[in-house]
Amino acid sequence: MALTRYHLHKRNCASFVPLLFGFLCGVLLAVWIVNTNPTCSPMGRVYDPENSYFLILLIVTAPENFERRTTIRETYLNLRPRMINESYQEELIHIPSFNERGQIQLEPIETQRQLLSAYRGWLRKPIKNIKVINFKIKPLFAIGMHGQPKNIRRAIYEEQRVFGDILELEQLQDSYANLTSKVLQSMQKIDEKYDFKYLAKLDDDTYVKLDLLAEDLLSYYEKLHQVQKQQRKGGPLELYWGYFRGAATIQKQGVWQEKDYLLCDRYGPYALGGGYVLSKGLVSYIATYADQLTLYKSEDIAVGTWLTPFRNIHRRHDARFDTAWKARACKDYHMLLHKRTARHMRDLYAGELCTHEEDQPEGRPVALPKEYFYDWTQPPSSCCKTAV
């Protein structure tokens, strides 16, 4: 019996050898086919869920501006997106339609006025009909590292170790002259590493009411998909959201002298650089063709020029973006507030909206930029004459 069992065991094991050999050959053949057949190669990037965000905050900062970065971390980055009032979309969000030629029909002045009025009314409402949202935001402080002294590099590396929010541009020398290159390289690195829906480019002296911005942007995103699902036409719609300017003359002298802008005697419409929002498709386009794009002196003018020819961009002019070269008169509806010091940011975070106006020099009052609605039916030279 023992002998019989031995021979039976031996015979079964021997019969498995060809099967095992065939299985291994099949595995090796499959691996060889996958590695040699180009049609099976994965297309595009595979994103790590840890690097997937709804909104990226690209905050342009100088290496030595540690106090500003600290202030931002301690103020508006703590304003988490609130729960959403479900009526917000219908009251305050406008999704433009395409005309018969496939061009976006941008908001007329009357629509801009109605939206701003509705927002001011909404601010006075209690939040009702709330719902929980899943919303991820990633702040990144862009700093050029090339040529930095060792002590500065050590300080920045330590800052990165502690906070993990520094976007290190190793090939860029940080300077005003390289600002456009800085924004361009930042978009390249972000597009390569992160998956996201929107990117907000901000200066480090811009305060953001991040809870309100996030609330508006998420409502826009949701309503956009509802409208596109209903219409089923028009193709993808990209977002370029900010405070737009037209009629700006070409700078002929000074630090912003423009030698390469030869398209016209005026700059095309562009969102002011204190802060604006771009959808993922626009960032990817800029990142992809970075080597072919002209590096104009002003990065906001450069971005506006690069995006000029596209017919599917919603250029969303918004008076709530106080992003000019000087802060405008204080309004409670301002959502982005440019030219604010660290003290002003802390005051804003504490609910004091207008302390920057207290710093105006005494005597003759300083003229502040006036707010306007953008008239998209007029050429840029006549765009911005309708006061808010």
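- Residue Glu67 places its CD atom among 12 or fewer non-hydrogen atoms of other residues, nucleotides or ligands, all under 6.0 Å distant.
- Among all heavy-atom pairs drawn from Ala62 and Asp174, the shortest one is CA-OD1, 4.3 Å.
- Distance alone, capped at 3.5 Å, is enough to place a donor-acceptor pair between the Asn78 side chain and the Glu74 backbone.
- Around NZ of Lys197, the count of heavy atoms belonging to other residues, nucleotides or ligands within 6.0 Å does not exceed 12.
- Here Leu239 contributes atom CG and Asn312 contributes atom CG; the two are 11.5 Å apart, rounded to the nearest 0.5 Å.
- One distance of note links NZ of Lys201 with OG of Ser186; it measures 10.0 Å at 0.5 Å rounding.
- Donor-acceptor pairing under 3.5 Å is lacking for the side chains of His94 and Gln112.
- A cation-pi arrangement, defined by a distance under 6.0 Å to the six-membered ring centre and an angle within 45 degrees of its axis, is present between Lys280 and Phe196.
- Among pairs with a residue in residues 326-360, none fulfils ring pair (Phe, Tyr, Trp, His ring centres under 6.0 Å), at least two apart in sequence or across chains.
- Ala248 and Tyr270 make their closest contact through CB-OH, 3.9 Å (heavy atoms, listed as atom of the first residue, atom of the second, distance).
- Among Arg154, Arg73, Arg153, the single residue meeting the salt bridge (charged side-chain N to carboxylate O under 4.0 Å, His left out) criterion with Glu159 is Arg73.
- Between Tyr289 and Tyr285, the ring planes are tilted. Angles from 30° to 60° get that label.
- Across all their heavy atoms, Leu184 and Ile286 have their closest contact at CD1-CG2, 3.3 Å.
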Original post:
Could you walk me through whether Tyr221 and Phe54 pass the ring pair (Phe, Tyr, Trp, His ring centres under 6.0 Å) check?
Top reply: CA-CA 10 Å; Tyr221 178 77; Phe54 186 82; 5.3 Å; yes
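- Around NZ of Lys326, the count of heavy atoms belonging to other residues, nucleotides or ligands within 6.0 Å exceeds 12.
- Counting only distance, with no hydrogens or angles, the side chain of Asp375 and the backbone of Thr377 share a donor-acceptor pair below 3.5 Å.
- The distance from atom CG of Leu77 to atom CG of Leu57, rounded to the nearest 0.5 Å, is 6.5 Å.
- The backbone N or O of Lys182 lies less than 3.5 Å from no partner atom in the side chain of Asn178, so there is not a single donor-acceptor pair.
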Tell me which donor-acceptor pairs under 3.5 Å the side chains of residues 316-325 have, and how far apart each pair is, sequence neighbours excluded?
{"unit_1": "Arg316", "atom_1": "NH1", "unit_2": "Asp216", "atom_2": "OD1", "d": "3.0"}
{"unit_1": "Arg316", "atom_1": "NH2", "unit_2": "Asp216", "atom_2": "OD1", "d": "2.9"}
{"unit_1": "His317", "atom_1": "ND1", "unit_2": "Phe244", "atom_2": "N", "d": "2.9"}
{"unit_1": "His317", "atom_1": "NE2", "unit_2": "Tyr372", "atom_2": "O", "d": "2.9"}
{"unit_1": "Asp318", "atom_1": "OD1", "unit_2": "Arg320", "atom_2": "N", "d": "3.0"}
{"unit_1": "Asp318", "atom_1": "OD1", "unit_2": "Arg320", "atom_2": "NE", "d": "3.0"}
{"unit_1": "Asp318", "atom_1": "OD2", "unit_2": "Trp241", "atom_2": "NE1", "d": "2.9"}
{"unit_1": "Asp318", "atom_1": "OD2", "unit_2": "Arg320", "atom_2": "NE", "d": "3.2"}
{"unit_1": "Asp318", "atom_1": "OD2", "unit_2": "Arg320", "atom_2": "NH2", "d": "2.7"}
{"unit_1": "Arg320", "atom_1": "NH1", "unit_2": "Asp216", "atom_2": "OD2", "d": "3.2"}
{"unit_1": "Arg320", "atom_1": "NH2", "unit_2": "Asp216", "atom_2": "OD2", "d": "3.0"}
{"unit_1": "Asp322", "atom_1": "OD1", "unit_2": "Arg328", "atom_2": "N", "d": "3.1"}
{"unit_1": "Asp322", "atom_1": "OD2", "unit_2": "Arg328", "atom_2": "N", "d": "3.2"}

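- Atom OH of residue Tyr220 and atom CD1 of residue Ile93 lie 8.5 Å apart, to the nearest 0.5 angstrom.
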